[in-house]
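Remember, it's 1-based here, ligands and their atoms both numbered in the order they're listed.
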Amino acid sequence: MTDLSPGSLPGSRRLRFAPSPTGQLHIGSVRTALLSYCLAGEDGRFLVRIEDTDRERFVPGATTGYLGALAWMGLRWDEGPDIGGPCAPYVESERLEHYLQAADRLLDTGAAYRCLCSKERLDDLRAAQKAAGQPTRYDRRCWHLPKAEVQAELDRGTSSVIRLLMPEGESRWDDLVLGPQEFQNGEIDDQVLIKSDGFPTYHLAQVVDDHLMEITHVIRGVEWVPSTPKHLAVYRALGWVPPAFAHVPLVLGPDHKKLSKRHGSVAVADYRDMGYVPEALANMIAFLGWSPGTEEEIFTLEELRSRMTFDRLQSSPAVFDQQRLDHLNGVWIRRLSIPDVAQRLRPFLPQAQDSQLEPIAAMVQERIHRLDEVPGLMQFAFAEPDPTREELIGRLDAATAMNFLRAAAELVGGNSTALMDDLKRAAEESASEPGTIKRHVRDCMQVVRVAITGQRVSPPLPESIDLIGKEVALSRLRRALAVIAKVG
Ligand code: GLU
């Protein structure tokens with residue numbers, strides 16, 4: 001007897017990510033992709049298959065966005081339909097003949113049947129079942145019809161679908177995350193496998209492709225659990241060995257409700273635009289369903305691929321915590337080389353010259369959690385700041401502020417090589433009360449910082465001055481003096 005137990009397929013693992021291109025790639029889906037990529041392991045294969053046979057939900061252009069987001073995340077797939085060619089993913093709408101062949105086999109063996117019922121009849125049936133407090137399901141009217149009658153209707157051109165005849169008995173599988181699962185088939189509807197437009201539903205296409213692509217393990221969201229008995233019925237009817245299933249729990253928002261747009265962004269592309277680096281996002285997402293069982297928290301994708309095992313997948317829902325992501329992102333930004341940070345900053349600083357990017361990267365690397373903080377932090381490099389008199393003076397009085405600005409201008413103009421030390425010394429000397437020197441120094445530095453950058457928080461002054469050039473820095477100091485003098 002064929003061993004139909006999950007995971008009984010020999011050889012190395014083959015896992016797939018099978019998104020339906022209906023919008024943008026979301027955190028929940030990319031989690032499935034990442035777990036599948038990692039759990040394929042170093043010797044296994046990771047495939048991407050675009051499940052685009054639901055023509056009503058299909059969004060043109062979505063596939064490109066999905067593939068772009070996967071590539072950005074570093075989730076590269078190992079094979080596709082073009083043998084030896086560049087790796088395009090599998091696309092179900094290009095593989096219709098396989099599903100139609102399988103449907104014919106199912107019809108031939110009686111595991112599936114044609115259904116001629118109109119949408120109106122199905123709606124009425126549903127409404128009547130609801131009103132009677134019964135579960136809504138197809139009543140198998142067409143299965144009971146004599147074959148000749150059905151054929152006559154088809155010959156007349158009546159449109160039809162192909163339904164799976166859900167067999168009697170139970171469906172069981174040992175889920176790699178959820179443990180043993182059991183469903184009574186009698187409670188499961190006869191699923192449509194081929195729609196009236198001739199396209200397969202996900203349920204048939206997925207089984208056929210997972211079989212033909214020799215998928216060993218299916219990782220997908222827990223919302224697919226109710227579909228799995230239907231899939232097992234198709235495998236059985238076709239005499240195929242099903243893969244092992246791992247249904248991973250929901251990803252929750254901070255309020256412990258399913259992560260959705262209500263929680264802000266959920267699309268991977270939005271996280272890229274917010275200045276998260278893919279290394280950090282991958283690191284974060286891995287923990288939404290897996291844990292190493294140690295205190296370690298920083299992993300590269302390749303480390304994850306070599307470390308991850310099914311037995312450490314988590315069965316309880318994971319919370320997507322943006323603060324943790326910010327923390328990991330900061331750690332990851334600091335792990336990158338300066339040229340690498342510079343390159344990643346490019347889209348965030350369209351106005352910067354190429355030669356400015358590396359100095360900027362060096363100035364901000366230690367200070368940021370997200371790359372999109374940089375335009376604000378570096379605004380002073382691209383636009384003249386325009387601080388008000390109050391902002392400039394801060395906690396000083398006008399005369400002290402002006403004196404210190406003059407001293408600073410002299411130091412900057414005189415090419416001081418230890419500008420911060422010299423500024424500090426000048427500030428200390430100008431302090432009137434010994435007890436408040438520290439605070440006075442801070443206030444003095446603040447005047448110069450605001451004069452040169454327009455900001456109370458900025459990268460270090462010497463580097464900021466290097467970036468804008470000494471002449472520009474001097475003119476800003478003079479302008480600040482004029483602003484204070486005007487009303488004072
Ligand atoms: N196409 C399904 C989706 O979009 C895939 C489910 C599965 O991985 O089996 O979620």
Side-chain angles (χ1 to χ4, degrees), residues 6-7 13-40 45-67 69-70 75 77 89-96 98-99 102 164 171 173 175-178 181 183 191-193 195 199-235 240 242-251 258-260 266-268 285 288-289 310 313:
R13 290 182 198 151
R14 292 173 59 82
L15 280 82
R16 51 49 167 195
F17 173 52
S20 304
T22 53
Q24 285 192 301
L25 189 64
H26 287 181
I27 295 294
S29 319
V30 84
R31 191 250 325 238
T32 307
L34 184 128
L35 295 179
S36 302
Y37 173 90
C38 294
L39 283 161
R45 305 280 257 174
F46 169 64
L47 280 56
V48 172
R49 188 173 74 223
I50 303 297
E51 297 199 328
D52 61 345
T53 59
D54 187 342
R55 305 316 280 178
E56 278 167 28
R57 290 179 64 222
F58 177 71
V59 174
T63 301
T64 314
Y66 279 46
L67 298 181
L70 288 176
L75 299 172
W77 49 100
Y90 292 103
V91 179
E92 286 191 342
S93 58
E94 295 166 3
R95 303 172 46 81
L96 295 181
H98 298 291
Y99 318 128
L164 174 69
S171 295
W173 76 97
D175 198 279
L176 294 177
V177 173
L178 304 175
Q181 301 292 304
F183 283 78
Q191 180 66 49
V192 173
L193 299 178
K195 291 171 287 178
F199 278 84
T201 58
Y202 152 80
H203 302 281
L204 178 64
Q206 193 246 26
V207 169
V208 170
D209 278 342
D210 282 345
H211 171 73
L212 294 179
M213 294 172 193
E214 300 179 353
I215 297 302
T216 57
H217 299 75
V218 167
I219 300 180
R220 60 184 174 198
V222 76
E223 66 275 19
W224 292 103
V225 165
S227 300
T228 304
K230 300 172 187 173
H231 302 166
L232 290 174
V234 177
Y235 279 107
W240 294 342
F245 291 95
H247 289 94
V248 288
L250 291 177
V251 179
K258 188 179 175 206
L259 187 69
S260 75
V266 282
V268 170
I285 286 173
L288 298 175
F310 280 96
L313 289 181

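- Aromatic rings from Tyr202 and Trp224 are positioned such that their centres are separated by under 6.0 Å.
- Within the 4.5 Å cutoff, the side chain of Ile50 has heavy atoms near those of the Pro19 side chain.
- Within 4.0 Å of ligand 1, contacts by protein heavy atoms are made from Arg16, Ala18, Pro19, Ser20, Glu51, Tyr202, Gln206, Arg220, Trp224.
- Taking the six-membered ring where the residue is Trp, the centroids of His217 and Phe310 are separated by under 6.0 Å.
- Rounding to the nearest 0.5 angstrom, the gap separating the CD atom in Glu223 from the CG atom in Leu250 is 6.5 Å.
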Report the C-alpha distance between Asp52 and Thr63 in whole Å, list the side-chain angles of each, state the deciding distance to 0.1 Å, and finish with yes or no for side chain to side chain contact (heavy atoms under 4.5 Å, CB included).
CA-CA 9 Å; Asp52 61 345; Thr63 301; 5.6 Å; no
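- Pairs engaging residues 57-67 under the salt bridge (charged side-chain N to carboxylate O under 4.0 Å, His left out) rule: none recorded [sequence neighbours left out].
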